[in-house]
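Some notes on the structure that comes next.
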Amino acid sequence: MGGAVPDQAPYEELVRQFSAFGAVKREMRRIMPADCQSGSAAVLTLLSRHGDMRMSKLAELLAVDMSVTSRHVAHVTERGWIERFPDPADKRSRILHLTPAGQAQLDEMFRRTTQLLAERLADWSDDDIGRLAQLMGRLRDSFGDCRTAPPAQTTRTPART
């Protein structure tokens with residue numbers, strides 16, 4: 001006989017909450033500047049957080065292929081939010097650099113998001129907001145870095161004897 005099956009109800013409720021969380025994400029996207037798509041925001045955020053980098057590194061951090069990364073980079077470059085410089089180590093490669101205009105755009109997105117959260121969570125205590133942030137960080141940590149995880153195996157090979 002196998003072990004006891006854990007109660008699935010708490011996990012089922014989490015699935016329902018994750019599905020409903022789409023409304024929160026849509027509202028946050030709605031307040032963003034019209035010319036700053038979510039992919040553009042991610043590019044700006046990563047360059048601000050990690051500094052100058054090659055497009056291949058950006059694609060890895062975004063966890064998307066190079067064609068998608070190229071579209072995002074073209075979008076933010078056209079707006080003057082990033083610059084591309086030749087890589088001194090490899091002239092065929094480019095280094096992506098966040099411009100002051102890009103930092104200003106990122107600051108504006110952060111301001112808008114912070115304001116929305118302050119409005120929507122005005123009736124929450126500081127302790128509740130802190131607990132939510134802590135639990136969201138813990139949830140993210142429980143999943144680890146999905147970008148570097150090996151692909152899940154879908155079939156098992158029988159053991160040889």
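Everything numeric in this text was worked out from a predicted model, so none of it was measured.
The main-chain N or O of Leu44 is never found under 3.5 Å from a side-chain atom of Ser48 such that the two would form a donor-acceptor pair. Using modelled atom types, one side-chain atom of Thr99 and one backbone atom of Gly80 make a donor-acceptor pair closer than 3.5 Å.
Arg54 has a carboxylate O that lies under 4.0 Å from a charged side-chain N of Asp87, or vice versa, which qualifies the two as a salt bridge. Ionic pairing of Arg138 and Asp141 is not present here: no N-O contact between side-chain nitrogen and carboxylate oxygen is shorter than 4.0 angstrom.
Heavy atoms of other residues, nucleotides or ligands lying less than 6.0 angstrom from CG of Asp90 number more than 12.
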Carefully, step by step, assess Leu96 and Leu47 under the rule side chain to side chain contact (heavy atoms under 4.5 Å, CB included). CA-CA 8 Å; Leu96 307 176; Leu47 284 171; 4.1 Å; yes
Start with the C-alpha distance between Leu61 and His50, add both sets of side-chain angles, then the distance that settles side chain to side chain contact (heavy atoms under 4.5 Å, CB included), and finish with yes or no. CA-CA 10 Å; Leu61 291 171; His50 297 283; 3.8 Å; yes
Run the side chain to side chain contact (heavy atoms under 4.5 Å, CB included) test on Gln103 and Leu106 for me, step by step, so that the C-alpha distance in whole Å, both residues' side-chain angles and the decisive distance to 0.1 Å come before the verdict. CA-CA 5 Å; Gln103 185 62 54; Leu106 190 58; 4.1 Å; yes
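The side-chain heavy atoms of Trp124 and Leu132, taken from C-beta on, include a pair separated by under 4.5 Å. Using a 4.5 Å heavy-atom cutoff, the side chains of Met55 and Ile95 are not in contact. Under the 4.5 Å side-chain criterion, counting only non-hydrogen atoms from C-beta, Val24 is in contact with Met28.
Ser125 and Asp127 share no side-chain donor-acceptor pair at under 3.5 Å. For the residue pair His75/Arg79, the side-chain donor-acceptor check at 3.5 Å is satisfied.
Relative ring orientation between His97 and Phe85 is described as tilted, the plane-to-plane angle lying within the 30° to 60° band.
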